[in-house]
Engineer: 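What follows is a structure written as structure tokens; I'll ask about it next.
What's counted below: heavy atoms across the whole structure, side chains too, no hydrogens, waters or symmetry copies.
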Amino acid sequence: MGTGDSTMGPGIILVLMTLLYSGAAYLKSEAYFNETAELPCQFLNSQNLSLNELVIFWQDQKKLVLYEFFLGKENLNNVDPKYMHRTSFDQSNWTLRLHRAQIKDKGIYQCIIHHKSPTGLVSIHQKDSELSLFANFTEPEIVQMSNVTGNSGINLTCSSEQGYPKATKMYFLLKFENSTELEYDGVIQTSQDNGTELYNISISSYVPYPDGMSNVTIFCVLKMKAMKSREWEFLSKPFYRVPSHPLPVAHQPSWITAASLITGIFLCGMTYFLWKKKKKQRAVLSNKETTRMEKEKNEGIEERVKIHVPESNDKEVQYT
Ligand SMILES: *[C@@H]1O[C@H](CO)[C@@H](O)[C@H](O)[C@H]1NC(C)=O
Ligand SMILES: *[C@@H]1O[C@H](CO)[C@@H](O)[C@H](O)[C@H]1NC(C)=O
Ligand SMILES: *[C@@H]1O[C@H](CO)[C@@H](O)[C@H](O)[C@H]1NC(C)=O
Ligand SMILES: *[C@@H]1O[C@H](CO)[C@@H](O)[C@H](O)[C@H]1NC(C)=O
Ligand SMILES: *[C@@H]1O[C@H](CO)[C@@H](O)[C@H](O)[C@H]1NC(C)=O
Ligand SMILES: *[C@@H]1O[C@H](CO)[C@@H](O)[C@H](O)[C@H]1NC(C)=O
Ligand SMILES: *[C@@H]1O[C@H](CO)[C@@H](O)[C@H](O)[C@H]1NC(C)=O
Ligand SMILES: *[C@@H]1O[C@H](CO)[C@@H](O)[C@H](O)[C@H]1NC(C)=O
Ligand SMILES: *[C@@H]1O[C@H](CO)[C@@H](O)[C@H](O)[C@H]1NC(C)=O
Ligand SMILES: *[C@@H]1O[C@H](CO)[C@@H](O)[C@H](O)[C@H]1NC(C)=O
């Protein structure tokens, strides 16, 4: 019996392989939105035929030609405008690259190879592949819907954009200090972009706090189908409920910090300039005052600039 099994096994596998690779099943190809897709041809070229005696082309479901390599050189005459300048042929592995893939590009493609013989062109190979497209949703973002800091619950909305395919699930996840987790569903709204066919999604929900909770962290979770039949989960930044403290404020953009610094330096120079001038006019500005102003570099700079700049202009006018 053991020997019978071992001879049968490979036989069955061979039959299955033949079924899978005889064209009965499509080759699967996957790409990200706006990136490069690969449409394989899987031509083995066992006879070592030269490209000069072959006609290779790819066409879509509507029989529109994406690319043609005719007896050794590219032939753009039959290429549909929609695919013009969007493809490149990788001769090393008989693969066509489709650049800047759009959601609209998903579907079935055929690679066809003809051989030039004395009697004319003879079809020697054909391979169908199915292209699927994906786009990661943006990081989900939680927004508090009102400033009412009720101690029994909170109204939250979470949104995420520009994904494909549609999200499979979206919910709020509450994590407690004792590591207990709770899920909250809500009203989900989806919209699709007319042009790109990408989806936006948002969820709104009243999230109640269980009694006696002092510290709870809220996340927004989005799930979607991803490449290779996997499922991906995208998580928002944590949203902390701290009733007695103000909500976390977003960090100042670095350019504001830089601007503050430059203004500060400008201010120092200006102070010195004014100080010298006032000294001239025998209206001495005390050192104490200068130090105080330097200390306040990071606070109330805008106001000080507004006050000092016109003053200096006035003085300049006096000079001229
Ligand atoms: C597609 O990618 C190009 C750069 O390769 C970029 O300029 C363009 O904005 C992208 N388009 C979309 C819709 O993301
Ligand atoms: C295939 O043909 C090319 C010339 O057309 C030759 O240089 C190469 O060695 C051949 N390869 C094989 C594996 O026969
Ligand atoms: C074809 O070759 C290129 C590199 O030359 C590689 O990036 C790509 O993955 C290959 N595609 C297939 C379908 O083998
Ligand atoms: C999409 O998200 C996954 C998981 O976070 C990541 O591995 C992948 O690189 C992302 N792809 C793109 C094109 O952003
Ligand atoms: C919450 O308060 C901030 C200022 O403290 C204000 O900018 C914001 O619009 C308020 N949000 C709502 C939903 O009332
Ligand atoms: C949440 O929204 C509901 C309905 O819009 C409203 O009745 C309720 O007062 C809100 N609660 C809080 C804490 O904002
Ligand atoms: C709440 O708990 C998180 C971890 O679960 C912790 O990082 C955070 O500091 C806590 N906040 C307060 C105000 O206790
Ligand atoms: C954690 O805290 C929640 C909220 O108070 C409570 O419902 C849950 O039973 C607690 N879990 C454990 C394991 O203590
Ligand atoms: C999706 O969200 C983006 C960014 O907020 C917005 O520009 C776009 O109009 C939205 N699209 C749809 C179909 O709602
Ligand atoms: C999509 O856009 C086209 C033209 O750009 C317009 O005719 C059509 O009404 C739009 N459809 C939707 C659902 O907005």
Side-chain angles (χ1 to χ4, degrees), residues 13-136 162 164-165 192-198 225-230:
I13 290 165
L14 250 174
V15 170
L16 278 173
M17 298 258 285
T18 316
L19 275 176
L20 276 170
Y21 289 106
S22 64
Y26 298 123
L27 291 169
K28 300 278 185 207
S29 182
E30 299 180 317
Y32 277 118
F33 171 77
N34 211 21
E35 291 189 3
T36 297
E38 283 195 345
L39 304 174
C41 199
Q42 283 200 338
F43 181 57
L44 289 174
N45 197 13
S46 48
Q47 289 173 270
N48 194 19
L49 298 167
S50 153
L51 282 168
N52 294 327
E53 46 186 317
L54 296 175
V55 177
I56 308 148
F57 67 98
W58 275 261
Q59 63 183 24
D60 65 13
Q61 277 156 292
K62 293 177 186 160
K63 305 249 185 265
L64 301 176
V65 174
L66 285 81
Y67 180 85
E68 183 179 320
F69 201 81
F70 186 86
L71 305 179
K73 56 184 194 315
E74 286 186 354
N75 175 22
L76 302 179
N77 294 339
N78 301 320
V79 173
D80 190 84
K82 147 181 197 194
Y83 297 113
M84 202 62 97
H85 309 306
R86 285 185 61 204
T87 55
S88 54
F89 175 39
D90 189 335
Q91 298 181 15
S92 68
N93 55 13
W94 308 84
T95 296
L96 187 73
R97 292 202 200 98
L98 178 61
H99 306 289
R100 296 183 298 282
Q102 303 296 299
I103 305 300
K104 293 177 185 62
D105 290 326
K106 68 181 196 293
I108 314 287
Y109 292 88
Q110 275 183 333
C111 165
I112 296 166
I113 299 182
H114 288 170
H115 182 229
K116 193 187 168 199
S117 71
T119 53
L121 292 174
V122 181
S123 178
I124 54 165
H125 182 77
Q126 181 182 326
K127 202 82 210 176
D128 295 357
S129 56
E130 182 176 21
L131 176 64
S132 307
L133 274 136
F134 297 86
N136 281 349
Q162 314 279 301
Y164 195 90
Q192 188 174 23
D193 190 287
N194 206 350
T196 61
E197 297 187 10
L198 297 175
K225 275 212 195 87
M227 287 185 181
K228 302 195 171 102
S229 309
R230 283 181 296 194

Engineer: Can you tell me how far the CG atom of Asn136 sits from the CG atom of Leu198, to the nearest 0.5 Å?
Structural biologist: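 Answer rounded to 0.5 Å: 11.0 Å.
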
Engineer: Test of understanding: with salt bridge (Lys or Arg N to Asp or Glu O under 4.0 Å), list the residues that count as partners of Asp80, not counting sequence neighbours.
Structural biologist: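 Partners of Asp80 under the salt bridge (Lys or Arg N to Asp or Glu O under 4.0 Å) test: none.
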
Engineer: Tell me every residue that passes side-chain contact (heavy atoms from CB on, under 4.5 Å) with Lys225, counting only those two or more places apart in sequence or in another chain.
Structural biologist: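 Here the qualifying residues are Pro165, Thr168.
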
Engineer: Partners of Ser46 by side-chain contact (heavy atoms from CB on, under 4.5 Å), sequence neighbours excluded?
Structural biologist: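 For Ser46 there are no side-chain contact (heavy atoms from CB on, under 4.5 Å) partners, ignoring immediate neighbours.
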
Engineer: Enter the distance from Ile124:CD1 to Ile112:CD1 here, rounded to the nearest 0.5 Å.
Structural biologist: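 Spacing of CD1 (Ile124) from CD1 (Ile112) equals 12.0 Å.
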
Engineer: Check side-chain hydrogen bond (donor to acceptor under 3.5 Å, both in side chains) between Ser229 and all other residues, then give those that pass, not counting sequence neighbours.
Structural biologist: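 For Ser229, no residue satisfies side-chain hydrogen bond (donor to acceptor under 3.5 Å, both in side chains) once neighbours in sequence are set aside.
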
Engineer: Nearest 0.5 Å please: distance from the CG atom of Leu98 over to the CG atom of Leu96.
Structural biologist: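 Here the rounded value is 7.0 Å.
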
Engineer: To check you understand the geometry: which heavy-atom pair defines the closest contact between Leu131 and Ala37, and what is its length?
Structural biologist: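 That would be CD1-CB, 3.7 Å.
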
Engineer: With sequence neighbours excluded, tell me which residues meet salt bridge (Lys or Arg N to Asp or Glu O under 4.0 Å) with Asp60.
Structural biologist: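 In terms of salt bridge (Lys or Arg N to Asp or Glu O under 4.0 Å), with neighbours along the sequence ignored, Asp60 is linked to no residue.
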
Engineer: State which residues pass side-chain contact (heavy atoms from CB on, under 4.5 Å) with Asp193; sequence neighbours excluded, sorted by chain then number.
Structural biologist: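 In terms of side-chain contact (heavy atoms from CB on, under 4.5 Å), with neighbours along the sequence ignored, Asp193 is linked to Thr196.
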
Engineer: Under the salt bridge (charged side-chain N to carboxylate O under 4.0 Å, His left out) rule, what pairs show up with a residue in residues 28-38, not counting sequence neighbours?
Structural biologist: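 Sorted result for residues 28-38: Lys28-Glu130.
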
Engineer: Going through the distances and angles, do Glu197 and Phe33 end up as a side-chain contact (heavy atoms from CB on, under 4.5 Å)?
Structural biologist: CA-CA 10 Å; Glu197 297 187 10; Phe33 171 77; over 6 Å; no

Engineer: Taking the inter-plane angle between the rings of Phe43 and Trp94 on a 0 to 90° scale, is it parallel (under 30°), tilted (30 to 60°) or perpendicular (over 60°)?
Structural biologist: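 Plane angle over 60°, so perpendicular.
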
Engineer: Do Lys127 and Pro40 have side chains that get closer than 4.5 Å, going by heavy atoms?
Structural biologist: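 Sidechains of Pro40 and Lys127: no contact.
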
Engineer: If you measure from OG1 on Thr87 to CZ on Arg97, what distance do you get to the nearest 0.5 Å?
Structural biologist: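 Going from the OG1 atom of Thr87 to the CZ atom of Arg97 covers 11.0 Å.
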
Engineer: Could you pull out every donor-acceptor pair under 3.5 Å between side chains of residues 64-74 and any protein atom, sequence neighbours left out?
Structural biologist:
| unit_1 | atom_1 | unit_2 | atom_2 | d |
| --- | --- | --- | --- | --- |
| Tyr67 | OH | Glu74 | OE2 | 3.1 |
| Glu68 | OE1 | Asn78 | ND2 | 2.8 |
| Glu68 | OE2 | Asn75 | ND2 | 3.0 |

Engineer: For the CD atom of Gln102 and the OH atom of Tyr164, what is their distance to the nearest 0.5 Å?
Structural biologist: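 Atom-to-atom, Gln102:CD and Tyr164:OH are 12.5 Å apart.
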
Engineer: Return each pair, listed once, that meets salt bridge (charged side-chain N to carboxylate O under 4.0 Å, His left out) where at least one residue sits in residues 105-114; pairs must be two or more places apart or across chains.
Structural biologist: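 Residue pairs with at least one partner in residues 105-114: Arg86-Asp105.
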
Engineer: Which atom names give the shortest non-hydrogen contact between Ala31 and Met227, and what distance separates them?
Structural biologist: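 Looking at all heavy atoms of both residues, the closest pair is C-CE, 3.4 Å.
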
Engineer: Counting only N and O atoms by type, is there a donor-acceptor contact under 3.5 Å from the side chain of Trp58 to the main-chain atoms of Leu39?
Structural biologist: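 Side chain of Trp58 to backbone of Leu39, a donor-acceptor pair under 3.5 Å: yes, one is there.
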
Engineer: What do you reckon, is CD of Gln91 surrounded by more than 12 foreign heavy atoms closer than 6.0 Å?
Structural biologist: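 Check passes, neighbour count above 12.
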
Engineer: Give me each pair satisfying disulfide (SG to SG under 2.5 Å) with a member in residues 27-119, each pair once, sequence neighbours excluded.
Structural biologist: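 Sorted result for residues 27-119: Cys41-Cys111.
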
Engineer: Identify, with sequence neighbours excluded, every residue that meets salt bridge (Lys or Arg N to Asp or Glu O under 4.0 Å) alongside Arg100.
Structural biologist: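 With neighbours one apart ignored, the set is empty.
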
Engineer: Which residue pairs pass the ring-ring contact (aromatic ring centres under 6.0 Å, His included) test when at least one of the two sits in residues 103-122, sequence neighbours left out?
Structural biologist: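 For residues 103-122, and leaving out neighbouring residues, the ring-ring contact (aromatic ring centres under 6.0 Å, His included) pairs sorted by first residue read Phe57-His114.
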
Engineer: Nearest 0.5 Å, what's the CD1-OG distance between Ile113 and Ser123?
Structural biologist: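 Between Ile113 CD1 and Ser123 OG, I get 9.0 Å after rounding to 0.5 Å.
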
